[in-house]
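Numbers restart at 1 for each chain; the letters A, B, ... are given by sequence-line order, proteins then strands.
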Amino acid sequence: MSEDILKNEKLAKLEWWKSQGIEPYGRKFKRELIASLTPERKDPVSIAGRIMTIRRHGKAAFCDIMDQSGKIQVYFKKDIIGDVLFERFKNLDVGDIIGLKGELFVTHTGQLTVLVKDFTILSKIIGTLPEKWHGLKDVEIKYRKRYLDLIVNPQTQNVFATRTKIINLMRNFLGQLGFVEVETPMMHPIPGGAEAKPFITHHNALDMDLYLRIAPELYLKKLLVGGMEKVYEINRSFRNEGISTLHNPEFTMLELYSAYGDYQEMMELTEKLILHIVKNLFDTLEIDYGETKINFQPPWKKIYWEDCWKNLGIENWRDITQVKQKFADLRLDTEGKEDLFALLDLLFKRTIEPELIDPTFIIKFPVETSPLAKTCPDDPTMVERFELYIAGLEIANAYSELNDPVEQKKRFIEEIQRPTERPKVIDEDYIEALEYGMPPAGGLGIGIDRLVMILTNSSSIRDVILFPLLRPKQ
RNA sequence: GGGCCGUUAGCUCAACUGGCAGAGCAGGGCACUCUUAAUGCCAAGGCUGGAGGUUCGAUUCCUCCACGGCCUACCA
């Protein structure tokens, strides 16, 4: 059956409704939530929702009506609603949105059902819903037409309800600790706060190029200078890089800063925050993720970054020949990389990262990889920083914030001297802010999309973003 | 950007080594006033993602293109 024919049949029904003097796209309808209905209810009920199935039996029919709270069976009976309404009922389709009034009863098979007394059409479907039994499986259609996915796949509703819950749990946890939620610019004159290729846009009136933010970090720390001591932003950031099961060009992070704290405090906070979420979502601290089980039981494992290399048998990770030798020993391809940190990063990804299933903090990183972090008091070549890994995914990144403006400027200069596709500009505005004195602070970033992936057992970031970026069809 | 795989009816899927493209659901008609993947009967629905090529003959083999998936690269 071609799509046009199906559509024309629906359009004919639409015309039928109009010919009866009924507007098939209705207005406000006073209704109660389907999930609130219980068998004890004796008085008339009023509900609205989408028709998901119709089982016609000549002069009667059963339908399932779904609203966001749930689904209930309703019973249309000709000798109850009369000839006129029953004729209207015949011109309803699966997918139509209706409002109805009736009384609850329980069928012979024990199912709570609304005996319809009156109903009205609120929105006529013209398209055709995907099949009721198998649902919508084609991932391309799921992403492009997320509304269809949401209508027919209850699991999808679940994932996004959980996503919202996670973010709400973050907000109430942080609120209780006295953190203030703020909003900072998403259009930056100079991209900063992370090492990533930015998107460029243009402001006409000011005739200036702007960059979509790659991270809110520098603005949030200006707020620390201003005396806002505990701030966070649940931020959409944008990175002009590849797309994968772990990367969407726009993604959501939690970034927070706590004055007079440090990375140790951030580690405790991270553990408590994620445990707060896990405990509220599940009855257990052990959850399934794909084929593996993740155990969130605290305290979480802590491994020094430097020890990762010792454990691999690399005596001195700064010796690039030892690092290259390890690649050779493990028969791993260096993929043409020559830079020490690029090689270490790759080796970490190949050998260590996949093993970090239960939440694990990797602690203290080389200063070269962390231009915004404070160095360790006992070792100026390393910084007070950690990354949190769960299920082999990098979930969080935090450090003791560098608040020395002179040191910061030096680091920026070193940074732009390394090869990068970013504009070679130092954010003097940020340096100037530091010159007015930023309190020592701990800062933390958590990848919300990835955390949601883990807590909803999703294998692709696209499954936790309502409208992931796809190339336009045709 | 590279490699591999996929694309068949509105949806979910078949079609062996090249031989008339098939089913369930949805939609249409008929019957049916407690069904719930309702049931029974009838009819319809396709340029097999697009463009070329090989062949008597292509959903099937080859080339190119489009879109997607996985891996990989880029990536704090």
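Atom name C1', nucleotides B/rC30 and B/rG69: the rounded distance is 44 Å, in whole Å. A distance of about 15 Å separates the C1' atoms of B/rA73 and B/rC4, rounded to the whole Å. Separation of the P atoms belonging to B/rG57 and B/rA21 is 15 Å when rounded to the nearest angstrom. Comparing the P positions of B/rU60 and B/rG52 gives a spacing of 14 Å, expressed to the nearest Å. A gap of 14 Å separates the P atoms of B/rC41 and B/rA23, to the nearest Å. Between B/rA44 and B/rG19, the two C1' atoms lie 27 Å apart (nearest whole Å). Of the P atoms belonging to B/rU59 and B/rC42, the separation is 30 Å, rounded to the nearest Å. Separating the P atom of B/rU48 from that of B/rA58 is a span of 11 Å, rounded to the nearest Å.
With B/rU33, B/rG69, B/rA37 as the candidates, the nucleotide lying closest to the side chain of A/Leu470 is B/rG69. For A/Arg471, the listed nucleotide lying nearest its side chain is B/rC67; candidates were B/rU33, B/rC67, B/rC34.
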Contacts under 3.5 angstrom, residues 151-158 of chain A side chains, donor-acceptor by atom type, not counting sequence neighbours:
unit_1	atom_1	unit_2	atom_2	d
A/Asn153	OD1	A/Leu136	N	3.3
A/Asn153	ND2	A/Leu136	O	2.9
A/Asn153	ND2	A/Asp149	OD1	2.7
A/Thr156	OG1	A/Asp149	OD1	3.0
A/Thr156	OG1	A/Asp149	OD2	3.2
A/Gln157	NE2	A/Leu150	O	3.3

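At whole-Å resolution of the value, CZ in A/Arg450 and C1' in B/rA76 are 10 Å apart. Nucleotide B/rA26 holds its C1' atom 17 Å from the NZ atom of A/Lys7, rounded to whole Å. What separates CG of A/Asn248 from P of B/rG69 is a distance of 11 Å, to the nearest Å. The distance between atom CG of A/Asp83 and atom C1' of B/rU33, rounded to the nearest whole Å, is 14 Å. Straight-line distance from the CG atom of A/Leu246 to the C1' atom of B/rC71: 12 Å, rounded to whole Å. One atom, CZ of A/Phe365, and another, C1' of B/rA76, lie 9 Å apart when rounded to the nearest Å. A/Phe89 has its CZ atom 12 Å from the C1' atom of B/rU33, to the nearest Å. For the pair A/Asn240 CG and B/rG1 P, the interatomic distance rounds to 12 Å; values are reported in whole Å.
Both the sub-6.0 Å distance and the 45° axial angle are not jointly satisfied by A/Arg88 relative to the ring of A/Phe76. For A/Arg146 and A/Phe467, the positive end is not near the middle of the six-membered ring at less than 6.0 Å and at most 45° from its axis.
Within a heavy-atom distance below 4.0 Å of RNA chain B, the residues of residues 51-62 of chain A found are A/Arg55, A/Arg56, A/His57, A/Gly58, A/Lys59, A/Ala60, A/Phe62. In the region residues 384-392 of chain A, proximity to RNA chain B at under 4.0 angstrom, judged on heavy atoms, holds for none of the residues.
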Can you give the dot-bracket line for RNA chain B, where a pair is Watson-Crick or G-U wobble with both atom distances under 3.5 Å, crossing pairs use [ ], and | marks a partner on another strand? (((((((..((((.....[..))))..((((.......))))......(((((..]....))))))))))))....
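One finds a salt bridge joining A/Glu428 and A/Lys409 here, because a Lys/Arg side-chain nitrogen approaches an Asp/Glu carboxylate oxygen to under 4.0 Å. The pair A/Arg411-A/Glu407 counts as a salt bridge, with a side-chain nitrogen and a carboxylate oxygen less than 4.0 angstrom apart.
At B/rC71, one or more side-chain N or O atoms of A/Thr245 fall inside 4.0 Å of OP1 or OP2 (strictly under the cut-off). For the OP1/OP2 pair of B/rG68 and a distance below 4.0 Å, the side-chain nitrogens and oxygens of A/Arg144 include at least one atom meeting the criterion.
Judged purely by atom type and a 3.5 angstrom limit, A/Asn311 uses its side chain to pair as donor or acceptor with the backbone of A/Asp307. A donor-acceptor pair is defined here as one N or O able to donate and one able to accept, closer than 3.5 Å; no such pair exists between the side chain of A/Tyr25 and the backbone of A/Ile121.
The neighbour count for A/Lys301 NZ, taken as heavy atoms of other residues, nucleotides or ligands under 6.0 Å away, does not exceed 12. Heavy-atom contacts from other residues, nucleotides or ligands closer than 6.0 Å to NZ of A/Lys324 number more than 12.
Ranked by how close their nearest RNA chain B nucleotide is to the 5' end, A/Lys13 and A/Gln73 are led by A/Lys13.
With sequence neighbours excluded, the residues satisfying side-chain contact (heavy atoms from CB on, under 4.5 Å) with A/Ser400 are A/Asp262, A/Tyr263, A/Lys374, A/Glu384.
Using a 4.0 Å heavy-atom criterion, one finds that A/Tyr143 contacts the sugar-phosphate atoms exclusively. Within 4.0 Å of A/Ser370, counting heavy atoms only, lies no atom of the nucleic acid at all. Among the atoms of the strands shown, base atoms are found under 4.0 Å from some heavy atom of A/Phe105. Using a 4.0 Å heavy-atom distance criterion, A/Ile243 is classed as a base contact.
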Contact string for nucleotides 3-13 of chain B, one letter per nucleotide 5' to 3', B = base within protein heavy-atom range under 4.0 Å, S = sugar-phosphate only, - = neither, reads ------SBBSS
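For the salt bridge (charged side-chain N to carboxylate O under 4.0 Å, His left out) with A/Asp64, the qualifying choice from A/Lys71, A/Arg55, A/Lys132 is A/Arg55, the only one to do so. No option in A/Tyr219, A/Phe238, A/Tyr430 other than A/Tyr219 meets the ring pair (Phe, Tyr, Trp, His ring centres under 6.0 Å) test with A/His188.
Note: A/Tyr75 and A/Phe105 have tilted aromatic rings, judged against thresholds of 30 and 60 degrees for the angle between ring planes.
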Verdict with supporting geometry, A/Tyr257 and A/Glu255, side chain to side chain donor-acceptor pair (under 3.5 Å): CA-CA 7 Å; A/Tyr257 294 87; A/Glu255 239 183 63; 2.8 Å; yes
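Distance check, rounded to the nearest 0.5 Å: CZ of A/Arg236 to CD1 of A/Ile448 gives 10.0 Å. Rounding to the nearest 0.5 Å gives a distance of 9.5 Å between CD1 of A/Ile65 and CG of A/Asp96.
Applying the 3.5 Å distance criterion, the base of B/rU72 shares no donor-acceptor pair with the side chain of A/Ser244.
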